[in-house]
Each structure stands twice: as structure tokens, then as C-alpha cells.
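All remarks here apply to the structure that follows.
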Protein chains: 2
Amino acid sequence: MTRTLLREEVYSRLLDAIVDGTFAPGEQLRDTDLAHWLGVSRTPVREALLRLGEAGLVRSAPGRSTHVAHLDPDVVRDAQAVVSAMHRLAVAEAVSRLTADDLAEMREANDRFAAALLLGDVDAALRADDDFHAVPVRASGNRAVEKVLAQFGPVVRRLERLRFTSQAGRASIDLHQRLLDLCAVADAEGAAQVSFETWQTLRPMLDDATRADSPEGRNC
Amino acid sequence: MTRTLLREEVYSRLLDAIVDGTFAPGEQLRDTDLAHWLGVSRTPVREALLRLGEAGLVRSAPGRSTHVAHLDPDVVRDAQAVVSAMHRLAVAEAVSRLTADDLAEMREANDRFAAALLLGDVDAALRADDDFHAVPVRASGNRAVEKVLAQFGPVVRRLERLRFTSQAGRASIDLHQRLLDLCAVADAEGAAQVSFETWQTLRPMLDDATRADSPEGRNC
DNA sequence: GGACGCCGGACTGTTGACACTCAAACCCTT
DNA sequence: AAGGGTTTGAGTGTCAACAGTCCGGCGTCC
């Protein structure tokens, strides 16, 4: 049984709090406060914050302060482009390895996604979407892709939680179905392209983001 | 003037030592020894090692030991696929933004690359190659791409230093030239595809790696 | 001679405290 | 009232030391 380190637990909790909005964009994070809140010393908190900083979820001014990153449209757009490219790569590498069970798992996740949209349950919809896309990522066996997605995925998810629309969701159902169909006939290039397009459905959310959260222009 | 932190200096020095082979694959790294060697306390060393671990350049067993990662062909292949995809994305986003100065800078770097190959100067060749590919990455303005390349680029470079051949280098000159030509006529898709292919020239090195450094099969 | 259990050392994880930097606030002078 | 200089507090960077885990070696028993 692998050992769970405090810095991993702290990282997960801080990540969740940032993505779900418990920590608001711009909110100051003091590592001494977080240490007290989590009941640990500063070191695991510092280590977790460093990782969050690498993903762009927090911004630190050395020796000064740390803040939850604003939803800077440039930052999110950059992360979204990286996430799209990683999923396309994963799909291209996975298509020849996907089993019937994998495809069934993707169908089931897409069905859950559609059902969640009907209920207006954003959290369930995003979980189903995660489950859907996780299948080819896992099948690709590319650990570097997994690491990049673990790092930049939350940056994109954070926007989705705030800007999710049923309209974009419904477009995703169809794209998910096309992706499934192309995987089923082992069309790696077609599937990779559709995977990329699936993640382009986020672009309208990014355009909306320029009218939210950072009224004084961009952080530099 | 931005402040330089010890953990950044330590990270750079450890990264260089791993990529250039000063720290051999498999070599044990004790953070107390590294702290003494670098004249700092363990904290910046630990923080640097965590980052190196995320890139796959070191492997830590929690509470046990830390080692320089072997040249595991799977790890390098994964990183190489990610690096290829990032450069392709960067080129696709950069093509419409490249100036005449940018193109001139790329030509100059390709010329230096060719000259270094003639002299058999691997270090100079790799520096020129870095300079060449840095231009579209910078022009793309995508900070997330820069971060991913900073993280996984050294994993790929590490193999190149050991397995570099003039033959592969000469193939790169032509691909560089094709990439330049396609950028000059603003063919984003063509340029992106050639950029991707440029990084595929590493594949023969990966196949050779299975006969080096990890005779007992893979680390798991 | 082999297997099992215990102990100690190696090494990392975490802790609490000190050091340093930066910016805001306050005070003094013009 | 404004500007400049000094002081102080906030917050992070780094330090030294303690805690905990894991594995190898040694001793004992069968």
C-alpha cells in the first residue's frame, strides 16, 4: 500500500477549493492560515502551493503574497489549447488499443452526461465528461499526457464550472458520439480531430470570460 | 528586478547535472548531500527535487530514497510525444504572428545548427536547435506550452545528448528548412505538421534506448 | 542451512522558528 | 498640503532539528 503524504492531501484539498470556488479568484492565501485550517505545518502547504502555481491556479509574489489566480482569459485559453492537444494526442495513441469494454465505458459516460444535462446537474455533467475523456487517456498509456492534464485540466474545469451552458453541453453529446463511432472503426486521425474539436466547444466560454472577473484588464 | 530564489537556482543546477550526465541515470540523490554540495539547506533542495520528479527526471520512493531516473524508453517516448504535440500547437498558433525578424532568427539558428553538425559539436548543435524551436514557441505567446516544454523538454534532451547522430541531425536541417518555408507562406497546418515530424526524428534514438541503460527491463 | 523476527541505520517527511524582503503607514520638514 | 524618509508589520524563504517509515543485516530457532 502506497503511503499518502500530507503534501498530496493538501494539494487535493486546495485544488478542489479553488476549482469549486470556495477560494474566490483574487483571494489571498496565507500559508500560515492554510496550515492552521488544514491542521498541518507550513511545509506541505508550501509544497502544494508551488504545484498549484505551476498550473497557474495561484499566483505568488515571492516574499510578498499568494493569491488565487483570476480567471484570466489568456491563461485559460493557453491551458485550453494545451488540454485540447493532449486529448488529441491521447486519442490518436489510444484508438488501436481501445477494447470493447473501453468503448462501452465511454458510451455509459456519455449517457450519464446527457442525463445530467437534462437534470441541469452541472457537477454530475462535468464528472461524466471527465469519465468519458479519461478512457482514451488511460488507454494511451502515456503518463506524461496524464501529468499535463492533471496540471492544466483544473484550469479549464474552473471556467467550465462558472460558464457551463446546456447549449455547449448538448453540442458535446454529439461530438462524444462521433468520437465513439470513429474509435469503434479505429479511425485514429478522425478520432483525434474530433477529440480536439470537442474541446473547442469551450471557446465561447472563453470569450464570455473577458467580460467577467478581471474588469481592469489583465494581470501581468 | 525580480528576486532569484534559492529553489530556482538549485533546480537549474540539478537539471543541468541530470541532463548533461554529471548525475548518472540510477544515481542516488540524498537531499542532505545535495544541500551540502550546493551550500544551502534541505528545503530549496527538496522543492527542486519535487519539480524534477514531476518531469520524470528523478524518481522518489517516499521516506526511502531518490534516484536519477533511468532512461526508461517508455518515459522518454511519452515525453517525446508530448513535446511533439506542444511544438505542433505552438507552430500552429505562431504562424500568423511570425515577423520577418523571427524568420531571420530561425534561419540563422538553422545555419548555426548545420555548422555545428559539420564540426561534430553536439552541444552547439543542440543549443542551435533549442534556439530554432524557441522562436515559434515564443511567438505563440502560449505560457502553458512554455511550461510543458520546460518540464518535459529536458527529458527528451537528455536522450539526445547520449544518442545524437549526425545522420538524424542532417535530416533535421532539411525539416527545419521546410518548416521555415511553410511559416514564410503562412501555412499554419503544413508548418504544424512538419514541426511534429521534426520531433519524430527522435524515434530511432528511442528504439536504441531499449538496448541501453535498463538491461533488466523497465522500472515500475 | 534456511526462515523469521527484531533492531538499527538511512533517508525522507514534517515541524517550529528565525531571516529577509517589500510595501504600507506614519511622521517630520518644507 | 505634499513629499520624502523611516519604521513596522505582513508574509514568504530558508534553516536546523525532530519524527516516521522502510529495508537490510544480524541473531536465534527449527
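Keep in mind that the numbers below use all heavy atoms, side chains included, and drop hydrogens, waters and symmetry copies. Keep in mind that this is a model prediction, so the values were computed, not measured. Numbered from 1 within each chain, the chains take letters A, B, ... in sequence-line order.
- Applying the 4.0 Å criterion to OP1 and OP2 of dA10(C), one finds that S65(B) has every side-chain N and O outside that range.
- Comparing the axis of the opening five pairs of the helix from dG1(C)-dC30(D) to dT30(C)-dA1(D) with that of the closing five pairs yields an angle of 10°, rounded to 10°.
- Judged by distance alone, the side chains of S84(A) and Q200(A) do bring a donor and an acceptor atom under 3.5 Å apart.
- Judged by distance alone, the side chain of S195(B) and the main-chain N or O of A191(B) form no donor-acceptor pair under 3.5 Å.
- Dashed line: the shortest gap from a side-chain N or O of Q28(A) to OP1 or OP2 of dA10(D) is not under 4.0 Å.
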Go through the steps for W37(B) and L14(B) under the test side-chain contact (heavy atoms from CB on, under 4.5 Å), then give the verdict. CA-CA 11 Å; W37(B) 177 56; L14(B) 295 181; 4.1 Å; yes

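- Between the OG1 atom of T66(A) and the CG atom of L52(A) there is a distance of 10.0 Å, given to the nearest 0.5 Å.
- Distances shorter than 4.0 Å separate some side-chain N or O of T66(A) from OP1 or OP2 on dT12(D).
- Within the structure, salt bridge (charged side-chain N to carboxylate O under 4.0 Å, His left out) pairs that include any residue of residues 136-150 of chain A comprise D102(A)-R138(A), E105(A)-R138(A), R143(A)-E146(A) (at least two apart or interchain).
- No side-chain heavy atom of E9(B) sits less than 4.5 Å from a side-chain heavy atom of P44(B).
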Could you write out each protein N or O paired with an N or O of nucleotides 16-20 of chain D at a distance under 3.5 Å?
residue: dA17(D); atom: N6; partner: R42(B); partner atom: NH1; Å: 3.0

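- None of D121(B), D131(B), D129(B) except one satisfies the side-chain hydrogen bond (donor to acceptor under 3.5 Å, both in side chains) rule with R112(B); the exception is D131(B).
- Residues of residues 5-14 of chain A having a heavy atom closer than 4.0 Å to DNA chain C, listed by number: L5(A), L6(A), R7(A).
- For the segment residues 44-58 of chain B, the set of residues with a heavy atom within less than 4.0 Å of an atom of DNA chain C comprises R46(B), in numerical order.
- Screening residues 32-42 of chain B for salt bridge (charged side-chain N to carboxylate O under 4.0 Å, His left out) gives R30(B)-D33(B), D31(B)-R42(B) as the qualifying pairs, with residues at least two apart or on separate chains.
- Outside the 6.0 Å centre-distance limit, the rings of F152(B) and W199(B) are not counted as a close aromatic pair.
- Between the side chains of D101(A) and T99(A), no donor-acceptor pair is found at a separation under 3.5 Å.
- Looking only at side-chain heavy atoms (C-beta outward), L89(A) and S140(A) stay at 4.5 Å or farther from each other.
- Taking the six-membered ring where tryptophan is involved, the planes of H133(A) and H176(A) are perpendicular, since the angle between them exceeds 60° and thus also 30°.
- Side chain of Q151(B) to backbone of E54(B): a donor-acceptor contact under 3.5 angstrom is found.
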